[in-house]
Number of protein chains: 2
Amino acid sequence: MPTSTLAKGERTRRAIIDHAVATAYRVGLGRLTIGDLAAGTGLSKSGLYAHFGSKEALQLAVLDEAAARFTAAVVRPALQAPRGETRLRALFDRWVACGRSRDPGVCLFVKAATELDEQPGAVRDRLAELHRALISTIETIVRNADGAFRPDADGYQLAADVYGVMLSFYLAHRLLQDPAAERRTRVAFETLLAALSRGPSPDPPTVVARVRPRGLPPTESATTTGSCS
Amino acid sequence: MPTSTLAKGERTRRAIIDHAVATAYRVGLGRLTIGDLAAGTGLSKSGLYAHFGSKEALQLAVLDEAAARFTAAVVRPALQAPRGETRLRALFDRWVACGRSRDPGVCLFVKAATELDEQPGAVRDRLAELHRALISTIETIVRNADGAFRPDADGYQLAADVYGVMLSFYLAHRLLQDPAAERRTRVAFETLLAALSRGPSPDPPTVVARVRPRGLPPTESATTTGSCS
DNA sequence: GCCGGAAGTGCACGCTCGTGCTATTTTCTC
DNA sequence: GAGAAAATAGCACGAGCGTGCACTTCCGGC
């Protein structure tokens, strides 16, 4: 009775990786253990192990899955939005939404960067490649904006800045559990957009939001409240 | 022949923690092992263990040391600079310098945030407390600027944004090994300062630097090239 | 210089780690 | 439904983990 069209082995493999992504999101890629995963999926250690052949292969599979989820939940939908600012906003909104909801795959993809940045090896190399691809995607969004941004806009700079805004959000939201984290993140993003969209001295209205809010509602724009997959 | 005024035990303890900070910077606080540390310091496992009594106590000691180094290398010197923009720049310059040189203590303090953000426990609680203190320090720098910044400047927002800029720098510098990382980081910081220092629509000259540089020297302002301690 | 306490060693423990085998069971194909 | 192939279990291994304890060595104050 095949509950799906997938072969048995593939189904099991996905169940394992699913479990592994959730675990790695909590404890890190490096602290995944075969025994733990086996217990969590109801397999024997060796049965699980046979699916990957080594722990490093397992880590790579988990990392690839996390990256794929990031693409599916954040990048791909954004690329279907209209070009220019709307597309950039779509990317940002979905990214924030995944952070807010602690989407394990998406968050793992970002979190692994810090874990592996000083640990040479195949996993780190793959991760760097994946992050470079994301930066390149953001760059392309800026370049293909059809004149919505200043013609000399530096897409790479913006990509790095968006990364920074998101990393700061993750810190405030997850470690510090700051309820105002999302509002500040949106303020920071608006500032980036303002510098990008108009001439050098635009009097952008959103910049005003950078000052201390006096009785502002905690989060004014909840455009993306949906799921993350 | 006492090489220092410290008691023997204290000297050994410091040597252990010194080693531990460097190791934890590479592999993370959670992957510190007693055996590894003992081998690295020439002690027996139990001899080393006796200095702390538990692994968690060791981790706390390492974390505290990392935070202390951050204070000594970044915060304290900055607080001796003149108030206002200069002080903020001093903080930023020193922080960047430590990132560039991969100062283990300073970097560990930041890196641990990602490692522990989903792992409840005493170590995480301490780390969150330390990060809150740093944010509060930045906030105070903004507040005590004696009118150098706009009076309604949001110091907490700025603190979060500076964090983001630095986290982005760490990612680009350490994982991606991007040689242009520091230049972009300085551009991003100048943008933050520009929004803070002047009126809402200032035509700040530094914002021009946000666009694609055409044959710019890789790093134009190397004001802080010295050591980090 | 002696002596008490601090500092450090040796050894053992129960556990878990990643990784190999060989069987055995289950699934897919004709 | 038989037979091939894939999937999984059982078991064992050497190593390393954090921790405890009894013992020895060494430093520092008198």
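Chain A is the first sequence line, chain B the second, and so forth, proteins listed ahead of strands; every chain is numbered from 1. The figures that follow rest on heavy atoms only: side chains count, while hydrogens, waters and symmetry mates do not. It should be emphasised that the depicted structure is a prediction, and the values quoted were computed from it without experimental measurement.
Between A/Y163 and A/W95, the ring-plane angle classifies as perpendicular under the 30° and 60° cut-offs.
The distance from atom OH of B/Y49 to atom CG of B/L58, rounded to the nearest 0.5 Å, is 10.0 Å. Residue B/R14 holds its CZ atom at 10.5 Å from CG of B/D18, rounded to the nearest 0.5 Å. Between atom NZ of residue A/K111 and atom OH of residue A/Y25 there is a gap of 6.5 Å, rounded to the nearest 0.5 Å.
Residue B/A50 is classed as having no contact, given no heavy-atom separation below 4.0 Å to the nucleic acid.
No hydrogens or angles were tested; on distance alone, nothing pairs the side chain of B/K45 with the base of C/dG10 as donor and acceptor under 3.5 Å. Below the 3.5 angstrom threshold, one finds no donor paired with an acceptor across the side chain of B/S46 and the base of C/dG8.
Contact annotation: B/T12 side-chain N/O to C/dA7 OP1/OP2 distance is not under 4.0 Å. Between C/dG8 and B/S44, no contact under 4.0 Å exists linking OP1 or OP2 to a side-chain N or O. In this model, the phosphate group of D/dT8 is approached by a side-chain N or O of A/H51 to a distance below 4.0 Å at OP1 or OP2. Contact annotation: B/K8 side-chain N/O to C/dA7 OP1/OP2 distance is not under 4.0 Å. In terms of phosphate contacts, B/Y49 brings a side-chain nitrogen or oxygen within less than 4.0 Å of OP1 or OP2 of D/dG20.
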